[in-house]
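Report on the following structure.
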Amino acid sequence: MQPLPEGRSLAQTYELLQGAIDVHVHAGPHLTSSPRRVDPFEAAQEAKAAGMQAIVLLDVFEMTNGVSWLVNKIVPDFRTYGGLILNTVYGGMNPRAVKTALHYGDCAKYISFGAHSTYFQAAREGRYVDGQFRPLSELFPKFKTEELDRCIRIPVDEDPDEHLDEILTLIADNPQVYMDTGHVSVEEAVRLVDLQDRYGYSNVIVSSSVTKIASIETLQALAAKGALIEFSFAAYTAATPIPLTHYYVEKEYTSIDEGMSEGPKGGITEVARYIEAIGAEHCVMSTDFGRYALSTPVEGLRQFIACMLDLGIPADDVHTMIKTNPERLLQL
């Protein structure tokens with residue numbers, strides 16, 4: 001057991017928030033069955049009061065660059081950024097939605113390849129029935145036609161189809177936008193990073209949903225290709241095995257988040273181990289907070305900072321992951 005680093009304090013965690021950017025905030029509104037902790041205005045005001053410089057808003061139902069346009073008019077001397085998560089609400093792999101997002105409101109800053117509407121995740125969502133985990137597609141046949149058949153898949157062993165091809169071309173033609181791999185499989189995330197060479201985009205963040213199931217070796221390889229590796233506090237600490245309605249309107253689709261049958265192996269200690277192996281210069285710390293059961297995103301980021309300091313990650317490395325690398329991602 002290594003001795004805990006000296007100099008850690010509550011004050012230090014607040015100092016590290018100065019100028020920080022949380023690239024993964026889920027402020028309201030949301031489904032009534034899955035309440036939010038803060039609305040976008042509250043999220044921005046709290047972050048500004050803490051000395052942060054920006055937050056990135058995500059919403060699984062709407063492009064958030066319209067919301068960011070509103071917030072930026074009301075909250076002075078602070079920036080919010082928005083973008084588009086390609087979910088079944090937008091028809092899945094929909095180039096028209098991407099093209100629209102690039103010109104709407106404050107203009108999309110990111111394009112994400114789906115949250116709950118990736119085939120990889122939706123096929124695994126489900127709940128326990130009589131002590132046995134069963135996927136929603138098995139419990140509800142309509143789930144297959146309403147969700148799975150519209151979900152996003154990234155072809156791993158063949159060329160992109162015309163829809164994916166157009167979306168990747170749009171991202172490449174708009175270098176102010178970064179790509180978020182979304183909740184795809186590890187193999188699909190690798191493919192999206194590899195397709196940089198064909199299309200010419202270069203600003204990619206590997207979603208924490210991928211990070212937590214990928215090997216260190218795979219993440220090191222993705223980082224070597226220029227991708228930033230996201231670690232979200234929620235992925236390793238939040239009560240994800242609690243059955244909630246996270247995405248689906250239908251109450252019968254209430255499921256355990258991401259079909260998890262257990263907590264992430266290693267928990268928050270695994271994050272520190274992965275960061276040390278990959279290198280802080282390739283990583284981003286975020287919260288993925290917004291759910292009403294959790295603390296506010298700002299407090300979540302402060303807690304994440306404290307955890308990393310306690311686990312021996314140097315303050316300079318934390319600064320790199322919550323300020324320097326998010327600035328690079330957002331091209332500030």
Side-chain angles (χ1 to χ4, degrees), residues 17 19-30 36-87 89-91 93-115 117 166-182 201-205 207 228 230 232 284-290 296-298 301 322-332:
L17 282 175
I21 301 170
D22 188 349
V23 301
H24 200 148
V25 175
H26 285 283
H30 204 261
R36 301 291 91 177
R37 176 64 186 261
V38 291
D39 64 39
F41 298 98
E42 292 168 333
Q45 289 163 342
E46 184 185 24
K48 177 186 175 182
M52 296 173 61
Q53 65 170 304
I55 55 175
V56 179
L57 298 170
L58 282 75
D59 190 325
V60 297
F61 301 109
E62 296 288 342
M63 61 179 79
T64 50
N65 33 296
V67 174
S68 67
W69 180 86
L70 290 169
V71 175
N72 291 336
K73 289 176 70 70
I74 300 300
V75 182
D77 304 318
F78 186 81
R79 292 292 297 178
T80 63
Y81 297 93
L84 173 65
I85 301 177
L86 286 166
N87 281 323
V89 170
Y90 281 96
M93 197 77 78
N94 184 353
R96 187 68 181 170
V98 173
K99 189 177 295 185
T100 302
L102 293 171
H103 299 277
Y104 179 73
D106 263 359
C107 303
K109 198 67 176 177
Y110 65 84
I111 301 297
S112 169
F113 282 99
S117 291
E166 184 175 353
I167 289 171
L168 295 180
T169 300
L170 284 167
I171 293 173
D173 289 345
N174 290 273
Q176 76 280 6
V177 173
Y178 68 87
M179 176 197 292
D180 186 323
T181 63
Y201 54 83
S202 59
N203 209 9
V204 180
I205 185 167
S207 170
L228 286 168
E230 180 194 19
S232 73
V284 170
M285 290 167 54
S286 68
T287 64
D288 190 9
F289 272 29
T296 64
V298 170
L301 187 58
I322 63 174
K323 184 176 186 295
T324 306
N325 288 344
E327 287 175 341
R328 166 188 151 191
L329 191 66
L330 294 165
Q331 301 178 57
L332 302 183

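For clarity, every value in this text was computed on a predicted model and none was experimentally measured.
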Nearest atoms (heavy-atom pairs only) where [X] meets [Y]:
X: Ala43; Y: Val25; result: CB-CG1, 4.4 Å
X: Ser68; Y: Tyr81; result: CB-C, 4.0 Å
X: Glu46; Y: Thr296; result: OE2-OG1, 2.9 Å
X: Gly83; Y: Ala108; result: CA-CB, 3.9 Å
X: Val204; Y: Thr181; result: CG1-CG2, 4.2 Å
X: Asn174; Y: Leu170; result: ND2-O, 2.8 Å

Side chain proximity check, [X] to [Y], heavy atoms < 4.5 angstrom:
X: Glu62; Y: Leu57; value: no
X: Leu86; Y: Ile167; value: yes
X: Leu17; Y: Met52; value: yes
X: Val75; Y: Lys48; value: yes
X: Ile21; Y: Leu332; value: yes
X: Tyr90; Y: Arg96; value: no

Worksheet item: Judged by modelled atom types alone, do Thr64 and Asp59 share a side-chain donor-acceptor pair under 3.5 Å?
Response: no
If I take atom [atom1] from residue [X] and atom [atom2] from residue [Y], how far apart are they, to the nearest 0.5 angstrom?
X: Asp180; Y: Glu230; atom1: CG; atom2: CD; result: 6.5 Å
X: Ser207; Y: Leu58; atom1: OG; atom2: CG; result: 9.0 Å
X: His24; Y: Ile55; atom1: NE2; atom2: CD1; result: 12.5 Å
X: Leu102; Y: Met63; atom1: CG; atom2: CE; result: 9.0 Å
X: Leu330; Y: Asn325; atom1: CG; atom2: CG; result: 11.0 Å
X: Ile322; Y: Glu327; atom1: CD1; atom2: CD; result: 10.5 Å

With a 3.5 Å distance limit and no angle check, can you tell me whether [X] reaches the backbone of [Y] through a side-chain donor-acceptor pair?
X: Asn65; Y: Ala101; value: yes
X: Thr287; Y: Leu301; value: no
X: Asp39; Y: Pro29; value: no
X: Glu166; Y: Lys99; value: no
X: His26; Y: Asp288; value: no
X: Asn87; Y: Ala115; value: yes

Discussion item. Please determine whether side-chain contact (heavy atoms from CB on, under 4.5 Å) holds for the pair Leu168 and Met179, giving the CA-CA distance in whole Å, both sets of side-chain angles, and the decisive distance to 0.1 Å.
Written reply: CA-CA 9 Å; Leu168 295 180; Met179 176 197 292; 3.6 Å; yes
Item to complete: Tell me, with the steps shown, if Phe61 and His30 meet side-chain contact (heavy atoms from CB on, under 4.5 Å).
Response: CA-CA 8 Å; Phe61 301 109; His30 204 261; 3.6 Å; yes
Item to complete: Under the side-chain contact (heavy atoms from CB on, under 4.5 Å) rule, what do Asn203 and Tyr201 come out as? Steps first, then yes or no, please.
Response: CA-CA 6 Å; Asn203 209 9; Tyr201 54 83; over 6 Å; no
Practice prompt. Determine which pairs satisfy ring pair (Phe, Tyr, Trp, His ring centres under 6.0 Å) with at least one residue from residues 93-114, sequence neighbours left out, and list them in order.
Written response: Tyr110-Tyr178
